[in-house]
Amino acid sequence: MAHTQAVDAVAVDAVPEKQPRSVRVVLLALMITMMLAMLDNMIIGTAMPTIVGELGGLEHLSWVVTAYTLATAASTPLWGKLGDMYGRKGVFMSSIVLFLIGSALSGMAQDMGQLIGFRAVQGLGAGGLMVGVMAIIGDLIPPRERGKYQGMMAGVMALAMIGGPLVGGTITDHWGWRWSFYINLPLGIVALLAISAVLQLPKKRAQARIDYPGAALLTVGITAIVLVTTWGGTEYAWTSARIMELIGIGVAALVGFVFWQTKAAEPVLPLHIFRSRNFTLMSIIGFIAGFVMFGATLFLPLYQQSVQGASATNSGLLLLPMLGAMLVTSMVAGRVTTNSGRYYVFPVAGSALMVVGLYLLSTMDTGTSRFTSGVFMAVVGLGMGCLMQITMLVAQNSVEMKDMGVASSSTTLFRTLGSSFGVAIMGALFNNRVQDVMAERAGALGSKVTEQSAQLDAASLAKLPEAAREAYQHAVSSGTHSAFLLGAVVAVVSLIAAVFVKEVPLKGAGPKEETV
């Protein structure tokens with residue numbers, strides 16, 4: 001227990017000397033890298049119909065995204081640990097190089113099989129991008145000052161979500177789908193050059209060997225979990241033998257991993273970091289934030305297009321009320337945290353707002369106006385803004401400097417797994433509800449319309465008879481009600497966890513010591 005309190009109270013005092021001019025350049029490079037990590041899937045999503053039209057292989061379409069997601073999730077903890085062992089700068093630059101190689105190869109793919117393989121390479125690199133950004137900021141900036149940069153990170157996140165579909169559509173229409181991948185190269189090279197020239201961090205060289213058995217067990221466990229959430233209810237029934245096998249493999253691998261981590265000389269994920277109450281609670285809150293956020297960003301545009309008749313062309317703009325509120329709140333939370341060194345109010349208020357906002361979204365029906373739904377989205381955004389960066393800040397402040405990488409990667413991994421579960425579980429609930437309501441309201445025609453998928457694009461919706469179209473609008477409204485109500489219930493767990501956070505004032509330079 002004494003160890004826990006000591007770790008909870010740790011301040012990152014051993015921060016390298018900061019050179020104001022270089023730190024700004026490094027932060028710009030880090031934001032570019034973060035943009036690469038977040039923008040990729042959103043740009044590619046818009047280009048997918050064109051890619052399938054040229055390469056064929058429609059039956060393997062889902063693997064273009066799944067291969068990337070799997071590789072990212074599986075490699076995330078490894079990149080964090082490698083940075084702790086061998087030095088952050090070299091490991092981070094290696095992940096950028098691998099991501100750019102994967103991007104270049106994906107742009108040159110000649111068939112769907114090659115594209116899927118190259119996307120996996122790209123995903124392996126992507127696993128180190130977000131972790132590297134967070135860990136380097138943790139190395140450079142004391143916790144007390146770190147809050148000031150939350151607004152920058154939230155801004156990048158909002159820009160990626162709003163601009164991704166727009167940029168993807170523009171690039172695909174004017175330059176061709178291959179440039180959806182090639183566009184990463186100039187941005188990545190700029191980030192590489194800036195980091196190489198001005199980032200100064202202490203070099204490390206670990207004596208211990210990499211924990212290969214632990215890495216293998218964790219990779220198998222994460223892969224099984226992501227495949228269950230990706231395939232369950234779509235490729236295979238939730239009760240099918242394949243899904244049961246994957247669940248069994250995943251549980252066995254993760255149990256074996258936990259046991260092995262108690263024996264390993266240099267564990268991939270040191271279990272002692274979970275002795276810190278704050279770190280464990282932030283992992284739970286991060287998981288739920290991922291669950292809610294990615295579920296919301298999936299179903300809100302669908303509701304607005306299908307029920308409210310919004311255009312799909314500017315689908316990213318439909319989320320503006322939520323993302324704008326998230327950006328503003330994150331900036332305010334960061335400034336208050338920097339000035340006061342305190343943060344307890346934000347996880348509690350953020351979780352409460354998330355519960356209320358999701359409940360309000362669950363009340364939407366076919367008569368809800370765009371203004372009303374925008375207000376409800378803004379409430380969710382206010383909650384997300386309080387949580388998104390505070391979870392990482394408190395998690396990093398709860399561990400020793402030597403574990404900064406694994407703390408960053410673990411928090412990122414929990415958020416990634418949360419998003420996988422959110423999309424899968426909310427998606428399954430949504431699909432089942434849509435199909436049930438369509439069968440009730442439109443009989444055999446309704447069942448036939450949604451037998452392949454409960455999500456229809458605008459062209460398919462326009463071809464439906466008026467009675468079937470109205471039935472589908474009611475069905476989507478009912479499906480989003482169920483999905484968001486589930487989200488509100490899950491968010492209650494985040495609120496309970498937030499209440500038990502122990503506020504340890506963030507140490508480091510105070511507001512008067514402007515260093516950047």
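Just so it is clear, the structure is predicted and the values come from calculations on it, not from any experiment.
A distance of 9.5 Å separates OG1 in T337 from OH in Y343, rounded to the nearest 0.5 Å. Atom CG of L417 sits about 4.5 Å away from atom CG of L413, to the nearest 0.5 Å. Rounding to the nearest 0.5 Å gives a distance of 10.5 Å between OG1 of T219 and CG of L70. Note: I285 CD1 to T411 OG1 = 11.0 Å, rounded to the nearest 0.5 Å. Atom CG of residue L227 and atom OG1 of residue T229 lie 7.5 Å apart, to the nearest 0.5 angstrom. A distance of 10.5 Å separates NE2 of H272 from CD of Q261, quoted to the nearest 0.5 Å.
With contacts defined as side-chain heavy-atom distances shorter than 4.5 Å, the pair L100/L192 qualifies. Within the 4.5 Å cutoff, the side chain of S494 has no heavy atoms near those of the F291 side chain. Between M293 and S419, every side-chain heavy-atom pair lies at or beyond the 4.5 Å cut-off. Considering only heavy atoms from C-beta on, M93 comes within 4.5 Å of K89 through its side chain. With contacts defined as side-chain heavy-atom distances shorter than 4.5 Å, the pair P77/L269 does not qualify. The shortest distance between side-chain heavy atoms of L300 and L361 falls below 4.5 Å. For the pair F92 and L30, the minimum side-chain heavy-atom distance is below 4.5 Å. The shortest distance between side-chain heavy atoms of F181 and R119 falls below 4.5 Å.
The backbone N or O of V499 lies less than 3.5 Å from a partner atom in the side chain of Y344, making a donor-acceptor pair. S409 contributes a side-chain N or O that, together with a main-chain N or O of V406, makes up a donor-acceptor pair within less than 3.5 Å. In this structure, the side chain of R178 engages the main chain of A109 through a donor-acceptor pair within 3.5 Å. Checked by atom type and distance alone, the side chain of T262 pairs as donor or acceptor with a backbone atom of F259 at under 3.5 Å. Between the W79 side chain and the L124 main chain, a donor and an acceptor come within less than 3.5 Å of each other. N184 places no side-chain N or O within donor-acceptor distance of the main-chain N or O of L36, the cut-off being under 3.5 Å. Of the possible polar contacts, none joining the K502 side chain to the N278 backbone as a donor-acceptor pair under 3.5 Å is found.
Checking each of I273, D403, V394 against F279 for a side-chain contact (heavy atoms from CB on, under 4.5 Å) leaves exactly one that passes, namely I273.
Scanning both residues, A71 and A120, for their nearest heavy atoms gives CB-O, 3.3 Å. Taking each heavy atom of S351 and P347 in turn, the nearest pair found is OG-O, 2.8 Å. Of all the heavy atoms in W177 and G107, the pair that sits closest is CH2-O, 4.4 Å. Nearest heavy-atom pair across I243 and A237 is CG1-O, 3.4 Å. For I284 against A497, the heavy-atom pair with the smallest separation is CG2-CB, 4.2 Å. Residues L387 and F346 share a closest heavy-atom pair of CD2-O, 4.2 Å.
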Determine, stepwise, if the pair L429 / I425 fulfils side-chain contact (heavy atoms from CB on, under 4.5 Å). CA-CA 6 Å; L429 196 62; I425 297 172; 5.8 Å; no
Evaluation steps, side-chain contact (heavy atoms from CB on, under 4.5 Å), between M392 and I137: CA-CA 11 Å; M392 180 66 73; I137 288 177; over 6 Å; no
Carefully, step by step, assess W231 and S240 under the rule side-chain contact (heavy atoms from CB on, under 4.5 Å). CA-CA 11 Å; W231 285 348; S240 67; over 6 Å; no
Run the numbers on M282 and L393 for side-chain contact (heavy atoms from CB on, under 4.5 Å), then give the verdict. CA-CA 9 Å; M282 287 302 141; L393 174 63; over 6 Å; no
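The aromatic rings of F274 and F414 stand perpendicular to each other, their planes meeting at an angle above 60°, with 30° marking the opposite boundary. Ring planes of F299 and F484: perpendicular class, angle over 60° (limits at 30 and 60°).
Aromatic pair W179/Y182: centroids less than 6.0 angstrom apart.
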